[in-house]
Amino acid sequence: MNSQYSEASRFDLLADTIRVLIGDDHRIVREGLKQILADAPDVSVVAEAQSGEEVLTQVRALGGNEGLDLVLLDVAMPGIDGLDVLQRLRKEHPYLPVLMLSTYPEKQYAVRCIRLGACGYLNKGADPDDMLLAVRKCAGGGRYLTPATAEALAAAVGSGAAQAGPEALSHREHQVYRLLTQGLTVSEIGARLGLASNTVSTYRARILEKTGAKNDVELALYAERHRSGA
């Protein structure tokens, strides 16, 4: 009788466990996240990936939301960009929650991620308790919004079409913008995104026009001002 009760208890525990996939290209970050989640008895990291392509492959292999309850996904993934991965996951597995992670402040990426279908956005430097709260809320079908994210969303709604800053850029423009501010050349960006160099140059020209920057140096300074909130 006790043995049967024990087996049933183990089954119930497994059924209630939140199954998580971590997608981040830095091993030290993945290990840190796994350590945080390991302290929670109701959370289990069942897979990890270090590139956008690997995230998609792992999710497909696990059957989407049949084998997963949540994807923790870095915004800046190598190969397929994290935001592109998010879009693909939303199309292929619309019921699988995706919680975006980044080193960037909420005002720079949170609104874009939420609009693309993320269940939340969290800075990698967040308190472990907040991380676990976000994981549980998203896995339960809710949305996790930090005060900063809620403020950014309210500002975006309030501004309507008159957007300012990086948020005024289209999704593809923002991808090129981020890579330009990381110091990549037009040809390197083209190779990364699978675009022709002249196409990247066209996006670059639009980005300079929208940001008011005259060159890549001014664009980098612009990005730093918006990153710091200045």
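The structure presented is a predicted model; accordingly, all values stated were derived computationally and were not measured.
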Candidate pair Glu66 and Leu62, rule side-chain contact (heavy atoms from CB on, under 4.5 Å), full reasoning: CA-CA 7 Å; Glu66 292 296 321; Leu62 290 165; over 6 Å; no

side-chain contact (heavy atoms from CB on, under 4.5 Å) between Val75 and Leu101, worked out: CA-CA 6 Å; Val75 167; Leu101 300 174; over 6 Å; no

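Counting heavy-atom neighbours within 6.0 Å of His26 NE2, excluding the residue itself, gives a total of 12 or less. Within a 6.0 Å radius of CD in Glu151, no more than 12 heavy atoms belonging to other residues, nucleotides or ligands are found.
Relative ring orientation between Tyr121 and Tyr109 is described as parallel, the plane-to-plane angle staying below 30° on a 0-90° scale split at 30° and 60°.
The shortest distance between side-chain heavy atoms of Leu219 and Ile207 falls below 4.5 Å. In this structure the side chain of Arg112 reaches within 4.5 angstrom of the side chain of Leu83, judged on heavy atoms. At least one side-chain heavy atom of Leu56 sits under 4.5 Å from a side-chain heavy atom of Val85. When side chains are defined from C-beta on, Val20 does not count as touching Leu68, because their heavy atoms never get closer than 4.5 Å. Residues Leu145 and Leu153 meet the side-chain proximity criterion, which asks for heavy atoms closer than 4.5 Å. Side-chain atoms of Val59 and Val71, non-hydrogen and from C-beta on, do get closer than 4.5 Å to each other. Side-chain contact between Thr17 and Asp42 is absent, with no heavy atoms from C-beta onward closer than 4.5 Å. Within the 4.5 Å cutoff, side-chain heavy atoms of Leu33 are placed close to those of Met131.
Closest non-hydrogen pair, Ala220 versus Thr181, comes out as CA-CG2, 4.4 Å. Between Thr103 and Asn123, the shortest heavy-atom distance links the atoms O-ND2, 3.3 Å. Nearest heavy atom pair, residue Leu122 against residue Ala134, reads CD2-CB, 4.1 Å. A pairwise comparison of heavy atoms in Ala76 and Asp25 identifies O-OD1, 3.8 Å as the closest pair. Nearest heavy atom pair, residue Asp84 against residue Gln175, reads OD2-NE2, 2.8 Å. Minimum interatomic distance between Leu70 and Cys138 (heavy atoms only, all atoms of both residues): CD1-CB, 3.8 Å.
Tested against Asp24 for a side chain to side chain donor-acceptor pair (under 3.5 Å), the candidates Arg30, Lys124, Gln50 yield a single pass: Lys124.
Note that CG of Leu133 is 11.0 Å distant from OG1 of Thr146, once rounded to the nearest 0.5 Å. Taken from CZ in Arg204 to OG in Ser197, the straight-line distance is 12.5 Å, to the nearest 0.5 Å. Taking SG of Cys113 as the start and CG of Leu86 as the end, the distance is 6.5 Å to the nearest 0.5 Å. The NE2 atom of His93 lies 6.5 Å from the CZ atom of Arg60; values are rounded to the nearest 0.5 Å. Atom NZ in Lys137 sits 8.5 Å away from atom OH in Tyr144 (nearest 0.5 Å). Taking CD of Gln58 as the start and CD1 of Ile22 as the end, the distance is 11.5 Å to the nearest 0.5 Å.
Listed for the Gln182 side chain is no donor-acceptor partner under 3.5 Å among the backbone atoms of Leu179.
Salt bridge annotation for Arg206-Glu209: absent, with no cationic side-chain nitrogen under 4.0 angstrom from a carboxylate oxygen. The pair Arg192-Asp81 does not meet the salt-bridge criterion, since no charged nitrogen lies less than 4.0 angstrom from a carboxylate oxygen.
In the hydrophobic clustering of this structure, Ile36 groups with Ile28; members are Ile, Leu, Val, Met, Phe, Trp, Tyr whose side-chain heavy atoms approach within less than 4.5 Å, directly or through other members. Leu21 and Tyr95 sit in two unconnected hydrophobic clusters of ILVMFWY residues. Membership requires side-chain heavy atoms under 4.5 Å apart, directly or through other members.
Donor-acceptor pairing under 3.5 Å is lacking for the side chains of Thr199 and Thr202.
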